[in-house]
Amino acid sequence: MREIFNYFKSIFFALKSLWTGMKVTGAYFFKPWKIVTQQYPENRKKLKMYERTKGELVMPHNDKNEHQCTACGICQINCPNGTIEVKSVTVETADGKKKKALNKYIYNLGMCTFCGLCVKTCPSDAIVFSNKFEHAVFNKEKLVKTLNKEGSTLKKGAE
Amino acid sequence: MAEEIIIPEADNQEISINMGPQHPSTHGVLRLVLSLKGEMVQKVEPHCGYIHRGIEKMTESMTYQQIIHLTDRLDYLSAHMNNAAVCLAVEKALDIEVPERVKVIRTIMDELARIASHQLWWCSFGMDLGGLTCFFYGLRDREKILDIFEETTGSRLIQSFYCPGGLMADLNPNFQKKVKDFIVYFRKILPEYDELLSGNIIMMERAKGIGKMSKEDAISYGMTGPSGRGSGFSCDVRKHHPYHAYDKVKFNEVLRTEGDTYSRYMVRIDEMRESMNIIEQLIDNIPAGDFAVKMKPIIKLPEGEYYQRVEAARGEFGVYIISKGEKNPYRMKFRSPNFCNLSALDTLTRGHKIADLVAIGGSLDYVIPDIDR
Ligand code: SF4
Ligand code: SF4
């Protein structure tokens with residue numbers, strides 16, 4: 001008698017526990033406005049990333065096509081993966097002194113692990129992270145980028 | 001001629017089969033060689049190394065600042081805690097006292113990471129048992145934590161937010177409000193987890209009494225974290241060797257004595273509550289001050305050996321550094337919790353069915369990159 005009672009009791013508890021779970025899922029079924037899924041490629045226009053999001057490394061230029069990089073190479077030394085290559089040329093300033101100037105700032109996005117050490121250690125704040133995160137390309141050569149723009153010069157007073 | 005075919009007696013023949021390396025329930029590239037008698041598991045032999053990257057060797061050619069970003073990639077779900085272990089070891093070696101603000105922020109970040117990690121574990125544990133619903137519910141809530149991380153640290157998963165001497169950046173102004181909102185939200189939503197899975201009859205039948213581990217065995221295998229505490233082994237580093245601001249907050253070490261899959265499950269669910277308690281105590285009184293102490297650009301540790309342990313989401317994570325006074329460590333060793341927990345898998349699963357192996361593996365919650373390093 002007791003066994004039969006326990007048997008039915010266990011069936012009752014099993015059904016009850018299943019019902020509890022179904023209640024949660026059922027509640028969301030009837031409250032579709034509570035669903036938080038983002039329709040990603042469709043909402044691309046409205047998508048807003050956070051200001052600090054590490055998308056890729058960029059070198060901001062002002063409207064006179066000037067950057068702030070002095071080609072000191074500190075970022076290159078600090079990068080753990082050899083992602084950055086700073087190519088400099090020696091130029092002669094107006095008063096006859098020899099100085100290093102940036103020729104090419106090569107950044108290999110495919111090797112970057114987004115540790116943030118380059119941005120943190122740069123003494124002139126010449127590089128920042130942008131929010132662009134859609135990096136898919138068809139061949140990996142396209143991931144090697146030159147960050148300084150064509151014909152750009154060092155900003156006055158940033159030496 | 002049909003009579004001549006000899007059907008082997010399945011009960012007496014042991015067959016060995018491979019589970020993994022590409023198997024969804026091993027949560028990564030782990031290969032288990034199973035010896036089976038029928039459906040009963042006789043022996044489990046884990047074969048690791050499929051995602052070995054040689055991180056310990058790589059650290060020997062990197063400076064201490066650079067090493068931080070590698071530790072993220074061990075147990076990527078407790079990236080903050082792994083970073084903290086290296087930072088604390090370096091700070092201990094150099095005898096640096098970090099500002100109070102750093103300690104509190106680190107504590108909050110660690111606990112947020114712990115909640116996020118346990119949420120993901122809950123998702124995948126439910127999925128291992130065949131409940132796909134859990135996966136979506138857990139990820140929905142984890143998303144909120146990842147948003148908080150992204151706003152302050154810039155990354156969602158592998159943040160590299162700590163550096164020797166403090167933090168990489170100060171908190172985002174929205175941080176406090178967002179964390180508070182999250183706590184309010186998650187306190188409401190956590191009972192939903194219990195309704196969906198903890199009290200579910202299918203889950204209880206599959207988890208209760210499965211994969212028992214006694215306290216003695218747990219200690220001798222070195223099982224730490226929620227897996228060890230599920231067997232009654234009091235091993236919470238936050239309690240026994242406080243670091244960060246853990247000595248200033250009140251929280252309980254969640255302990256259960258049954259030692260089965262269900263108790264390991266419940267320990268993690270309760271730990272999420274404890275983590276919320278810790279965050280609540282700290283979030284309103286983050287002291288003002290600097291977010292980092294000024295460090296030399298090149299850190300050289302004095303000659304000697306240093307060890308620091310922290311409580312990662314899966315157990316005790318340790319960093320052992322041998323320094324010869326150079327800017328790179330001479331040798332660095334990571335004590336990863338998952339490796340020790342995995343070693344207990346054989347004992348846990350002996351005599352159980354294959355389906356139980358999946359449940360037990362899920363309750364151990366291993367992350368393969370942490371095992372292989
Ligand atoms: S980006 Fe900054 S650290 Fe790198 S070379 Fe230019 S100035 Fe130096
Ligand atoms: S974020 Fe790190 S890996 Fe990437 S370029 Fe900067 S230093 Fe190198």
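Just so we're on the same page: letters track the sequence lines, and every chain starts at 1. On a predicted model such as this, the values are computed, not experimentally measured, just so you know.
Contacts of A/Asn81 with chain B are made by side-chain atoms alone, with heavy-atom separations under 4.5 Å and no backbone atom involved. Heavy atoms closer than 4.5 Å to chain A are found in both the backbone and the side chain of B/Thr152. Contacts of A/Met22 with chain B are absent, with no heavy-atom separation under 4.5 Å from either backbone or side chain. Residue contact with chain B, scored on non-hydrogen atoms closer than 4.5 Å, involves the side chain of A/Lys120 exclusively. Contacts between B/Tyr137 and chain A at a heavy-atom distance below 4.5 Å involve the side chain alone, from C-beta outward. For a residue to count as touching a neighbouring chain, one of its non-hydrogen atoms must lie under 4.5 Å from one of that chain's; by this rule A/Tyr28 touches chain B with the side chain only. When heavy atoms are compared at a cutoff of 4.5 Å, B/Asn172 approaches chain A by way of both its backbone and its side chain.
A 4.5 Å side-chain heavy-atom check between B/Leu70 and A/Thr113 finds every atom pair outside the cut-off. Side chains of B/Ile202 and A/Leu18 form a contact here, defined as non-hydrogen atoms less than 4.5 Å apart. Taking the side chain as every heavy atom from C-beta outward, A/Tyr50 and B/Asp147 approach each other to under 4.5 Å. With a 4.5 Å cut-off on side-chain heavy atoms, B/Gln65 and A/Thr121 do not count as touching.
In this structure, the side chain of B/Glu151 does not engage the main chain of A/Arg52 through any donor-acceptor pair within 3.5 Å.
Residue A/Leu117 holds its CG atom at 7.5 Å from OG of B/Ser160, rounded to the nearest 0.5 Å. We find the CD1-CG distance between B/Ile201 and A/Leu15 to be 9.5 Å, quoted to the nearest 0.5 Å. To the nearest 0.5 Å, atom OG of residue A/Ser10 and atom CD of residue B/Glu205 are 8.5 Å apart.
Within a 6.0 Å sphere centred on NZ of B/Lys300, heavy atoms belonging to other residues, nucleotides or ligands number 12 at most. The neighbour count for A/Phe30 CZ, taken as heavy atoms of other residues, nucleotides or ligands under 6.0 Å away, does not exceed 12. Heavy-atom contacts from other residues, nucleotides or ligands closer than 6.0 Å to OH of B/Tyr330 number 12 or fewer. For A/Glu51, the CD atom counts as loosely surrounded, since its 6.0 Å shell holds 12 or fewer non-hydrogen atoms of other residues, nucleotides or ligands. More than 12 heavy atoms of other shown residues, nucleotides or ligands fall within 6.0 angstrom of atom NZ in A/Lys145. In the displayed structure, B/Lys57 atom NZ is contacted under 6.0 Å by at most 12 heavy atoms of other residues, nucleotides or ligands. B/Lys177 NZ: 12 or fewer foreign heavy atoms inside a 6.0 Å radius. Counting non-hydrogen atoms of other residues, nucleotides and ligands closer than 6.0 Å to CD of A/Glu134 gives a total above 12.
Residue with the most contacts toward chain B among A/Pro80, A/Ser17, A/Cys115: A/Pro80 (heavy-atom pairs, distance under 4.5 Å). For the set B/Arg156, B/Glu143, B/Met168, B/Met58, the entry with the most heavy-atom pairs within less than 4.5 Å of chain A is B/Met168. With chain B as partner, the option from A/Asn78, A/Val24, A/Asn131, A/Thr20 having the largest number of non-hydrogen pairs under 4.5 angstrom is A/Val24. Taking B/Met203, B/Met204, B/Glu150 one by one and counting their heavy-atom pairs under 4.5 Å with chain A, the maximum is reached by B/Glu150.
Of all residues in residues 183-192 of chain B, those placing a non-hydrogen atom less than 4.5 angstrom from a non-hydrogen atom of chain A are B/Ile189, B/Glu192.
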